[in-house]
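Some notes on the structure that comes next.
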Amino acid sequence: MAPPAGSIELKAELARIAKQIVANGKGILAADESTGTIGKRLSSIGVENNEENRMAYRKLLFTTPKGLEESIGGVILFHETVYQKDNEGKRLVDALTSRGILLGIKVDKGVVPLFGSQNEGTTQGLDGLAERCKQYKADGCDFAKWRCVLRIQDAGRTPSPQGILENANVLARYASICQSEGLVPIVEPEILIDGDHSIEVCQEVTERVLAAVYKALSDHHVYLEGTLLKPNMVTPGLDCAKKATPAEIANATVTALRRTVPPAMPGITFLSGGQTELQATENLNAMNILPQELRPWKISFSYGRALQASVLKAWGGKTEPENIKNAQKTLMHRATSNKLAALGKYEGEEASGAASESLFVANHSY
Ligand code: 13P
């Protein structure tokens with residue numbers, strides 16, 4: 001088998017970036033909602049989806065004062081945000097880079113149906129990807145994200161071999177292109193929480209999907225030390241009558257990961273996938289209190305909804321300094337709670353804001 005591709009210097013750079021993002025309990029703020037998706041978030045608080053409002057909201061997130069960099073190692077951005085300036089002409093991302101928070105970029109172009117399959121899909125965006133990655137690296141990005149979506153139907157009859165193979169391969173091709181341009185790829189094979197399947201079915205499917213992903217990454221000579229994995233947690237489907245405790249979710253998830261994810265991979269940064277903010281934090285903590293020898297990788301977070309739901313509510317689209325301050329305080333609180341959970345030191349909290357509200361969106365797109 002050929003060794004991973006790339007020069008010694010390139011590999012060292014990729015490994016450094018990946019490690020830095022998840023150092024000391026840090027995780028990722030996923031703020032890369034496409035224009036359509038952020039529109040849904042803004043409309044939930046009665047705010048119009050225009051460039052000015054998207055700028056105001058993301059500026060609020062990024063300028064959160066005092067110590068966001070202690071819990072957030074990287075922020076994933078949508079193309080517009082990388083180049084967006086505030087009303088004073090300052091790039092929004094300067095508030096992140098000036099305190100050592102790394103910039104990530106969503107490079108996929110969304111999910112499309114796989115013709116002839118049973119309601120399955122793949123993710124497009126490989127054309128011109130190397131050129132786009134080169135430009136993003138020159139413009140300050142250090143990592144990238146590409147989301148693939150798999151759906152459990154009929155107690156695990158899908159994802160089908162066709163769906164699993166196609167998505168594993170496109171993730172590996174994406175990862176290889178990113179690395180060739182100096183970007184750390186976040187490899188995201190999301191198995192949706194939609195459905196009434198049991199936790200056992202979710203575990204079995206997660207293992208099949210991750211095994212295929214790591215086979216494809218190996219076939220494409222991807223340098224695992226310079227990647228991050230962004231999987232779903234292993235949970236029962238949202239409509240399953242039998243719920244699971246954080247300890248059960250932690251055991252099933254870590255078991256599935258141990259069976260399929262090589263220890264060379266430095267960090268697992270989970271998506272929240274429709275869990276409430278509190279569930280996402282509790283389940284993360286439950287994994288990080290398992291014995292250390294079961295966890296050869298950092299286990300952290302890359303949450304979108306579970307870091308932003310209460311923040312949006314606290315902001316409410318208002319320009320008053322009080323609302324902005326409250327929203328930023330809320331972001332700090334969620335980020336700090338998740339950092340503690342990534343260190344296995346989270347002690348729980350009273351639900352406030354939107355923290356215990358369902359963040360489920362059927363058939364979620366990003
Ligand atoms: P959620 O945490 O809202 O699932 O999203 C994270 C993400 O980046 C999905 O691609």
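We use all heavy atoms of the structure for the numbers below, so side chains are in, but hydrogens, waters and symmetry mates are not. Heads up: numbering here begins at 1 and tracks the sequence. First listed ligand is number 1; within each ligand, the first listed atom is number 1.
Distance alone, capped at 3.5 Å, is enough to place a donor-acceptor pair between the Gln179 side chain and the Tyr223 backbone.
Against a heavy-atom cut-off of under 4.0 Å, Tyr303 is close to the following atoms of ligand 1: 2 (O). Residue contact check: Arg305 has heavy atoms under 4.0 Å from atoms 1 (P), 2 (O), 3 (O), 4 (O) of ligand 1. Set against the non-hydrogen atoms of Ser272, the atoms of ligand 1 under 4.0 Å away are 1 (P), 2 (O), 3 (O), 4 (O).
At least one heavy atom of Lys230 sits less than 4.0 Å from an atom of ligand 1. Ligand 1 is approached by Lys145 to a heavy-atom distance shorter than 4.0 Å.
In terms of polar-atom proximity, defined here as any N/O pair under 3.5 Å, Glu188 does make such a contact with ligand 1.
Contacts of Ser302 with ligand 1, taken as heavy-atom pairs under 4.0 Å, involve the backbone alone. Proximity of Arg147 to ligand 1, defined as any heavy-atom pair under 4.0 Å, is confined to the side chain (atoms from C-beta onward).
Counting only N and O atoms by type, the side chains of Arg334 and Thr281 include a donor and acceptor under 3.5 Å apart. A donor atom on one side chain and an acceptor atom on the other are found under 3.5 Å apart for Glu166 and Thr122.
With Ala30, Gly273, Gly304, Cys148 as candidates, the residue nearest to atom 4 (O) of ligand 1 on a non-hydrogen basis is Gly273.
Looking only at protein heavy atoms, the nearest one to atom 5 (O) of ligand 1 is Tyr366 CE1, 3.3 Å.
More than 12 heavy atoms of other residues, nucleotides or ligands lie within 6.0 Å of CD in Glu320, so this atom counts as buried by the packing criterion. Atom CG of Asn50 has more than 12 heavy atoms from other residues, nucleotides or ligands within 6.0 Å.
To the nearest 0.5 Å, atoms CD1 (Ile76) and NZ (Lys106) are separated by 9.5 Å.
Residue Glu33 forms a side chain to side chain donor-acceptor pair (under 3.5 Å) with just one option from Gln308, Arg305, Arg54, and that option is Gln308.
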